[in-house]
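Remarks on the structure that follows.
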Amino acid sequence: MSISADFDPIAQFRLDGKVAIVTGASSGLGARFARVLHAAGATVVVTARRLDRLQDLSQQLPRSFPVACDVSVAEQRENLVADVMREFGRIDVLVNNAGIGIVTPVERETLEDFESVIQVNTTAVWHLAKLCGQHMVAQGSGSVINVASVLGLVGSTPIKQANYVASKHAVIGITKELGLQWARKGVRVNSLCPGWFLTEMTAGMESDEGAKRLIAQNSPIPRMGNEHELDGALLFMASDASTFMTGQEVVVDGGWTAR
């Protein structure tokens with residue numbers, strides 16, 4: 001098979017003319033995700049509760065727009081999507097990244113703890129996917145990326161957080177079902193499942209001797225991940241490079257779940 005002189009497999013990873021929403025974009029992986037999509041050509045709506053941080057990020061990214069949104073509040077989720085549609089008329093990529101977790105043994109875990117994590121990590125993911133997905137279905141294209149976790153595939157103990165594990169298992173289930181429902185409508189839904197990466201939620205693990213020992217003993221690549229090591233997976237799922245993939249988990253975990 002001959003290949004034309006203008007053959008460019010990298011072009012399918014471009015996002016020029018696309019509009020993306022990234023939740024939890026005020027810091028950590030969310031801010032990195034926004035930078036990656038922006039670098040690939042997308043117009044990026046960055047959203048989180050901390051508007052000042054979003055504004056700082058947006059000043060560095062010319063085609064980005066900061067919008068304050070607490071994803072635990074249904075009305076704010078609805079307003080976010082309505083504002084983006086009013087401003088841009090389309091949504092091509094949704095990165096459901098916002099998340100929280102409470103580390104505690106189940107004996108001390110309260111109902112309020114559990115429900116608060118489910119509201120942010122699961123209900124908001126489902127709701128934003130639904131709200132954005134209806135516009136994607138109408139335009140016949142779109143990609144929803146739900147940031148789950150390897151803890152949506154396995155348990156977490158000795159780091160005890162039933163709330164987080166339950167929420168991320170649910171995110172993977174939602175991803176599969178929505179991927180199936182929208183597969184013939186041009187909309188893809190996939191999960192990104194990071195392993196142990198340094199974020200606000202894992203801050204301190206990189207220097208804690210017990211945590212370092214846990215990683216070294218259980219991860220075939222015996223270290224935490226660096227945020228740039230998710231760039232390729234994110235861009236693959238957001239772009240036309242993954243047009244034949246839906247309802248799947250992309251696991252980037254140093255081999256944690258391969259055992």
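We use all heavy atoms of the structure for the numbers below, so side chains are in, but hydrogens, waters and symmetry mates are not. Given the structure is predicted, the values throughout are model-derived calculations rather than measurements.
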Note to self: Does anything in residues 67-83 form a salt bridge (Lys or Arg N to Asp or Glu O under 4.0 Å)? List the pairs, not counting sequence neighbours.
What the structure shows: D83-R86
Note to self: Less than 4.5 Å apart, side chain to side chain, heavy atoms only: is that true for E87 and V19?
What the structure shows: no
Item checked: Linked, directly or transitively: L178 and I172 (ILVMFWY side chains, under 4.5 Å) -> no
Margin query: Assess whether a salt bridge exists between R14 and D240, defined as any Lys/Arg side-chain N lying under 4.0 Å from an Asp/Glu carboxylate O.
Written below: no
Notebook entry, point to check: With sequence neighbours left out, what residues match Q119 under side chain to side chain donor-acceptor pair (under 3.5 Å)?
Noted result: none
Next item on the list: Check whether any side-chain heavy atom of Q161 sits under 4.5 Å from a side-chain heavy atom of I159, and report yes or no.
Entry: yes
Next item on the list: Say whether, by atom type as modelled, one donor and one acceptor occur between the side chain of S239 and the main chain of L235 under 3.5 angstrom.
Entry: yes
Next item on the list: Working to the nearest 0.5 Å, report the span between NE2 of H228 and CZ of F197.
Entry: 9.0 Å
Notebook entry, point to check: Considering all heavy atoms of both residues, which atom of S116 and which atom of I102 are nearest to each other, and what is their separation?
Noted result: OG-CD1, 4.0 Å
Margin query: Does I221, at its CD1 atom, have more than 12 non-hydrogen atoms belonging to other residues, nucleotides or ligands within less than 6.0 Å?
Written below: no
Margin query: Test of understanding: clusters of I, L, V, M, F, W, Y form through side-chain heavy atoms closer than 4.5 Å, transitively. Do L153 and V147 belong to the same one?
Written below: no
Next item on the list: Would you mind listing every salt bridge (Lys or Arg N to Asp or Glu O under 4.0 Å) that reaches into residues 156-176, with sequence neighbours excluded?
Entry: K176-E249
Note to self: Between T47 and A68 (side chain of the first, backbone of the second, donor and acceptor by atom type, cut-off under 3.5 Å), is there such a pair?
What the structure shows: no
Next item on the list: Mark yes or no for whether S242, through its side chain, and F236, through its backbone, hold a donor-acceptor pair below 3.5 Å.
Entry: yes
Check: Is there a donor-acceptor pair closer than 3.5 Å between any side-chain N or O of E109 and the backbone N or O of N163?
Finding: yes
Notebook entry, point to check: Taking the side chain from Q248 and the backbone from T246, do they hold a donor-acceptor pair closer than 3.5 Å?
Noted result: yes
Checklist line | Test side-chain contact (heavy atoms from CB on, under 4.5 Å) applied to W196 and D253, N218, L151, the passing residue | finding: L151
Checklist line | Whether N190 side chain and M245 backbone form a donor-acceptor pair below 3.5 Å | finding: yes
Check: Between Q59 and Q55, do the side chains contain an N or O donor and an N or O acceptor separated by less than 3.5 Å?
Finding: no
Note to self: Is there a path of hydrophobic side-chain contacts, each under 4.5 Å between heavy atoms, that joins V95 and V189?
What the structure shows: no
Notebook entry, point to check: What residue pairs, at least two apart or across chains, pass salt bridge (Lys or Arg N to Asp or Glu O under 4.0 Å) with a residue in residues 43-52?
Noted result: R50-E200
Check: What pairs of residues pass the ring pair (Phe, Tyr, Trp, His ring centres under 6.0 Å) test when at least one of them lies in residues 8-48, not counting sequence neighbours?
Finding: none
Notebook entry, point to check: Is there side-chain contact between H135 and V81, with at least one heavy-atom pair below 4.5 Å?
Noted result: yes
Notebook entry, point to check: Do W256 and V251 come close enough that some side-chain heavy atom pair is under 4.5 Å?
Noted result: no
Note to self: In this structure, would L54 and L61 fall into the same cluster of hydrophobic residues linked by side-chain contacts under 4.5 Å?
What the structure shows: yes
Check: For the side chain to side chain donor-acceptor pair (under 3.5 Å) test, which of N97, T122, N121, N96 pairs with N146?
Finding: N96
Next item on the list: Under the side chain to side chain donor-acceptor pair (under 3.5 Å) rule, collect the residues that match up with Q60, sequence neighbours excluded.
Entry: R35
Next item on the list: Could you tell me whether the side chain of T175 and the main chain of V171 form a donor-acceptor pair under 3.5 Å?
Entry: yes
Note to self: Could you measure the distance from the CG atom of L128 to the OG1 atom of T23? Nearest 0.5 Å is fine.
What the structure shows: 6.5 Å
Check: What's the spacing between I91 CD1 and S141 OG if we round to 0.5 Å?
Finding: 11.5 Å
Next item on the list: Could you verify whether a donor N or O on one side chain and an acceptor N or O on the other, from S58 and S64, lie under 3.5 Å apart?
Entry: yes
Margin query: Strictly below 4.0 Å, N to O, side chains only: are R90 and D92 in salt-bridge contact?
Written below: yes
Check: With no hydrogens and no angle check, is any side-chain donor or acceptor of Q76 less than 3.5 Å from a backbone partner on V73?
Finding: no
Checklist line | Main-chain N/O of G179 paired to R188 side chain as donor or acceptor, under 3.5 Å | finding: no
Next item on the list: Before giving the answer on side chain to side chain donor-acceptor pair (under 3.5 Å), spell out for T110 and D113 the whole-Å C-alpha distance, their side-chain angles and the decisive distance to 0.1 Å.
Entry: CA-CA 5 Å; T110 68; D113 289 338; 3.1 Å; yes
